[in-house]
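In what follows, a single structure is set out as structure tokens and then discussed.
Lettering of chains follows the sequences in order, A, B, ..., and the numbering in each one begins at 1.
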Number of protein chains: 2
Amino acid sequence: MKRQVDGRKARGEKRRTEIIEATLRVIERDGVAGVTHRTVAAEAGVPTTSTTYHFATLDDLLIATLIDCARDMATEVYWMIDRARSHGRGRGAEEIAKLLAEALGPKRGRTMAEYELYLLAARKPELRPAARRWLDVLTSMVRHDDEVAFRVFLAGIDGLLIQGLIDDEPPGEEELRPVVDYLLNPR
Amino acid sequence: MKRQVDGRKARGEKRRTEIIEATLRVIERDGVAGVTHRTVAAEAGVPTTSTTYHFATLDDLLIATLIDCARDMATEVYWMIDRARSHGRGRGAEEIAKLLAEALGPKRGRTMAEYELYLLAARKPELRPAARRWLDVLTSMVRHDDEVAFRVFLAGIDGLLIQGLIDDEPPGEEELRPVVDYLLNPR
DNA sequence: CCAATAGTGGGACGAACGTTCAGGTATCTT
DNA sequence: AAGATACCTGAACGTTCGTCCCACTATTGG
């Protein structure tokens, strides 16, 4: 990928990111199954061949989207944990419960998209490094004596999100809070 | 579905279950994305039109597969918990860690299939009752004073499985044991 | 025994798919 | 200015998809 000296994006870069963002929107709306060169191109408002030019195959497009998505996820979870730590014990659970309720409510499509990409990475080895990166970022920021507890915490968050996705009406903040509280400070 | 008085399966029942089992095998091998009338029919060794006869649409086929799969999952997790309880504290974690290692090792394809169907249920409301049923079975067998702890336990199991699916070499029993132990008996 | 019905199977249709190709346009290098 | 390179796009190829149609066979109910 060629870049200009002044740091501005190279010519094709802009449209490339447009296509990636359009892909994520398609996945949020119709799932990974709905991703085709044509649907993505239509969503991005570009001709069909433009997606095949920038991404030789559909897998390349999904890999790029996963990488883009994983970066956002990592920073989001990072700040979630940071906020939860800066607050007191009870307040921390409150913060996290609020974010989970958002992920299952207004941002439900996005949450589904993330887990679909995650599961796609389980099946396609070439996607795994990108999927694993955000987990690595998180585990790298934990003190070593907390390692087991932190792994349980992350696993619990994943489980709560996935289970919440199949509820007809997603669990609210108040319903999530005691569970998150237990997850942070088990008795 | 018509049945004979003596309880034996009706005529078309046998081929119907064959198709469902073939569908699950296809999902284990190629994912939900690989499920088409033709691939399922080929896997089952029946003509293509046979799948469209017994299942009007592909969604119907996936629903039937999910229901079939959910029943197996529920009984499996039920016995897992039962065994973990009958053993002592430490031995219980050992039992569960062993089952998780199996689910991520030899039965990895099956585990992926289950979570793909689970995520499909998140997107298609008509699949949700089937996906929720096995969760309901499990939550119904827990004492009420344990409710929060049990929800955290189930969420933790889900999270551990999903995170284990994107590892190049799945975590072994000994690696899982301390985490499961913490999940069962947090400190 | 004989209609009625459920199950079976081959073939084909239109639609959507991934991908290719040739030709066009903008930008960069020298 | 001019050649090289990157970028863009309309049209089309062959394939696979879901689904439909019709003829055929086995089973069932009366």
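Legend: residues meeting side-chain contact (heavy atoms from CB on, under 4.5 Å) with Pro170(A), ordered by chain and number and at least two apart, are Leu104(A). For Glu102(B), the side-chain contact (heavy atoms from CB on, under 4.5 Å) partners two or more places apart in sequence, or in a different chain, are Leu99(B), Lys107(B). With sequence neighbours excluded, no residue forms a side-chain hydrogen bond (donor to acceptor under 3.5 Å, both in side chains) with Arg151(B). By the salt bridge (charged side-chain N to carboxylate O under 4.0 Å, His left out) test, Asp72(B) is found to be paired with Arg110(B), residues two or more places apart in sequence or in another chain being considered. Among residues two or more places apart in sequence or in another chain, the side-chain hydrogen bond (donor to acceptor under 3.5 Å, both in side chains) test is passed with Glu43(A) by Arg25(A), Arg29(A). Every residue two or more places apart in sequence or in another chain was checked for a side-chain hydrogen bond (donor to acceptor under 3.5 Å, both in side chains) with Thr52(A), and none qualifies. For Tyr182(A), there are no side-chain hydrogen bond (donor to acceptor under 3.5 Å, both in side chains) partners at least two apart in sequence or on another chain.
At least one side-chain nitrogen or oxygen of Arg15(B) sits closer than 4.0 Å to the OP1 or OP2 atom of dG9(C). In this model, the phosphate group of dT8(C) is approached by a side-chain N or O of His54(B) to a distance below 4.0 Å at OP1 or OP2.
To the nearest angstrom, C1' of dC8(D) lies 16 Å from CZ of Arg16(A). Straight-line distance from the OH atom of Tyr53(B) to the C1' atom of dA26(D): 12 Å, rounded to whole Å. Counting to the nearest Å, the P atom of dC20(D) and the CZ atom of Phe55(B) are 17 Å from each other. What separates CG of Leu61(B) from P of dT19(D) is a distance of 11 Å, to the nearest Å. If you take NZ of Lys14(A) and C1' of dC7(D), they are 14 Å apart, rounded to a whole angstrom. Residue Ile19(B) contributes atom CD1, which lies 11 Å from atom P of dG7(C) at whole-angstrom precision. Rounding to whole angstrom units, CG of residue Asp59(A) and C1' of dT19(C) are separated by 14 Å.
Of the residues in residues 21-34 of chain B, not one comes within less than 4.0 Å of DNA chain D through any heavy atom. DNA chain C is contacted by Thr36(A), His37(A), Arg38(A), Thr49(A) of residues 36-50 of chain A, taking any non-hydrogen atom closer than 4.0 Å.
If you check dG9(C), dC8(D), dT19(C) against the side chain of Thr57(A), the one that comes closest is dT19(C). Closest to the Thr52(A) side chain, of the nucleotides dG18(D), dT8(C), dT20(C), is dT20(C).
Under a 4.0 Å N-O distance rule, the pair Lys98(B)/Glu95(B) does not qualify as a salt bridge.
Remark: Thr65(B) OG1 to Asp60(B) CG distance equals 10.5 Å, nearest 0.5 Å.
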